[in-house]
Colleague: 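Handing you a structure now.
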Amino acid sequence: MSQENASTANQNVWTIGRLINWTKQYLTENGSESARLDTEVLLSEVLGCERIMLYTRFEEDPGDAIRSRFRELVKQRAAGCPVAYLVGHKEFFSLKFNVTRDTLIPRPDTEEAIQVILDLVKNGQFVPQRILDIGTGSGILAITLAKELPEAQFVATDLSGKALEVARSNSQLHDVSNRIEFRQGDLLEPVRDEQYDLIVSNPPYVSDAEFEQCSRDVKEYEPHSALVSGPTGMEIYQRLVPTVADSLMPNGWLVLETSPMLAESLCMLLSQNDFENVQIQPDFAGNPRIVYGQR
Ligand SMILES: C[S@@+](CC[C@H](N)C(=O)[O-])C[C@H]1O[C@@H](n2cnc3c(N)ncnc32)[C@H](O)[C@@H]1O
């Protein structure tokens, strides 16, 4: 084959580099705001390699079987399915968590709740012995804290039995299942007559109207019951905060994730219910995100 013919043939091969460029464009046109990242995560998943390794394989022909599996995932992503559900996992606080459509996809904002709690421990504000995570979903809060605080025991609850199955499997994956008890039920109902040093929760706080404004990826794929609280977004907090003190040890802490729009109202709700040292911790983008206070 002449040099010219070889180069033309190579241009027609769907190499890894060519697949990335084409798919990035295609996903952008189909509404993805993170098309390059989506492309690379999906392609590294089907290739079974780290994302960073794609950069050393640009000229490689991945073969028909890989291309066909990749095409199938890209089609679903273009239809709106989040990448985390397609690959079945998502990173949180540098740990890998399995997710399914029964669980919310972990958000980076939630890492701030972990940081607030680790800082409370570091500053001697409490000794972590018993910690409760309400609405655990995939288990990210309880499991990450269990990794970080090896002396602590945890209870993690959720209304959804299917989410709890995922959380339980993640606790096994991270080797902390012996320190986390999973219980099903509404808010504090599964922990009646028990007291904790700290209660953390990232409960549903999206209002009905906000939900309508959410992207297709969220609205059509993530569990409604994990996101939406009711007409104002405050409904779950209004049920939880007035009764939660009984489940906290004296001087125990309550740490709640919320939306920037609700943070002030949530602070007020904590103060009205006799919480002290009520504070707001902003997220990475500087938006008020974590509200916490002491019994
Ligand atoms: C926003 S998601 C948070 C999941 C996980 N903690 C995280 O940060 O990714 C809220 C979780 O609370 C659960 N939930 C909703 N209402 C609840 C209730 N009344 N009692 C207990 N859990 C509830 C949902 O099933 C969902 O898993």
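The basis for the numbers below is simple: all heavy atoms, side chains too, and nothing from hydrogens, waters or symmetry mates. One-based numbering, in listed order, for ligands and for the atoms of each.
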Colleague: Of all the non-hydrogen atoms in the protein, which one sits nearest to atom 3 (C) of ligand 1, and at what distance?
Modeller: Asn202 O, 3.1 Å

Colleague: Is a salt bridge present between Arg36 and Glu40, judged by a nitrogen-to-oxygen distance below 4.0 Å?
Modeller: yes

Colleague: Any nitrogen or oxygen of Thr110, side chain or backbone, less than 3.5 Å from one on ligand 1?
Modeller: no

Colleague: Quick one: do the Tyr205 and Glu257 side chains pair a donor with an acceptor below 3.5 Å?
Modeller: yes

Colleague: Look at Arg107 together with Glu222 and state whether they make a salt bridge at an N to O cut-off of under 4.0 Å.
Modeller: yes

Colleague: Would you say Phe92 and Leu118 are hydrophobically clustered, going by side-chain heavy atoms of ILVMFWY under 4.5 Å?
Modeller: yes

Colleague: Who's the nearest protein heavy-atom neighbour of atom 25 (O) of ligand 1, and how far?
Modeller: Asp158 OD1, 2.6 Å

Colleague: Counting heavy atoms only, which part of Ser225 comes closer than 4.0 Å to ligand 1: side chain, backbone, both or neither?
Modeller: backbone

Colleague: Does the side chain of Ser177 pick up a donor-acceptor pair with the side chain of Gln172 at under 3.5 Å?
Modeller: no

Colleague: Can you tell me if Gly185 has a non-hydrogen atom under 4.0 Å from ligand 1?
Modeller: yes

Colleague: I'd like to know whether ligand 1 has Arg239 as a neighbour, heavy-atom separation below 4.0 Å.
Modeller: yes

Colleague: Do the side chains of Arg183 and Glu181 get close enough for a salt bridge, i.e. N-O under 4.0 angstrom?
Modeller: yes

Colleague: Suppose I only count heavy atoms of Ile140 and a 4.0 Å limit; which atoms of ligand 1 are within that range?
Modeller: 7 (C), 8 (O), 9 (O)

Colleague: For residues Tyr26 and Thr39, is any side-chain donor paired with an opposing acceptor at under 3.5 Å?
Modeller: no

Colleague: One thing to verify: whether Arg69 and Glu45 come together as a salt bridge, which I'm taking to mean a side-chain N less than 4.0 angstrom from a carboxylate O.
Modeller: no

Colleague: For atom 1 (C) of ligand 1, what is the closest protein heavy atom, and at what distance to 0.1 Å?
Modeller: Ala226 O, 2.9 Å

Colleague: Measuring from non-hydrogen atoms of Ala163 to any atom of ligand 1, is the shortest distance under 4.0 Å?
Modeller: no

Colleague: Which residue supplies the protein heavy atom nearest to atom 17 (C) of ligand 1, what is that atom called, and how far is it?
Modeller: Leu159 CD2, 3.7 Å

Colleague: Going by heavy atoms, is Ser138 under 4.0 Å from ligand 1?
Modeller: no

Colleague: Look at Arg67 together with Asp61 and state whether they make a salt bridge at an N to O cut-off of under 4.0 Å.
Modeller: yes

Colleague: Nearest to atom 20 (N) of ligand 1, what protein heavy atom do you find, and at what distance?
Modeller: Leu187 N, 2.9 Å

Colleague: So which protein heavy atom does atom 19 (N) of ligand 1 come closest to, and at what separation?
Modeller: Asp186 OD1, 2.6 Å

Colleague: Okay, side chain of Lys96, backbone of Lys90: is any donor-acceptor separation there less than 3.5 Å?
Modeller: no

Colleague: Please report which non-hydrogen protein atom sits nearest to atom 6 (N) of ligand 1, along with the residue it belongs to and the distance in Å to one decimal place.
Modeller: Gly135 O, 2.9 Å

Colleague: Note the single closest protein heavy atom to atom 5 (C) of ligand 1, along with its residue, its atom name and the distance in Å.
Modeller: Thr136 O, 3.3 Å

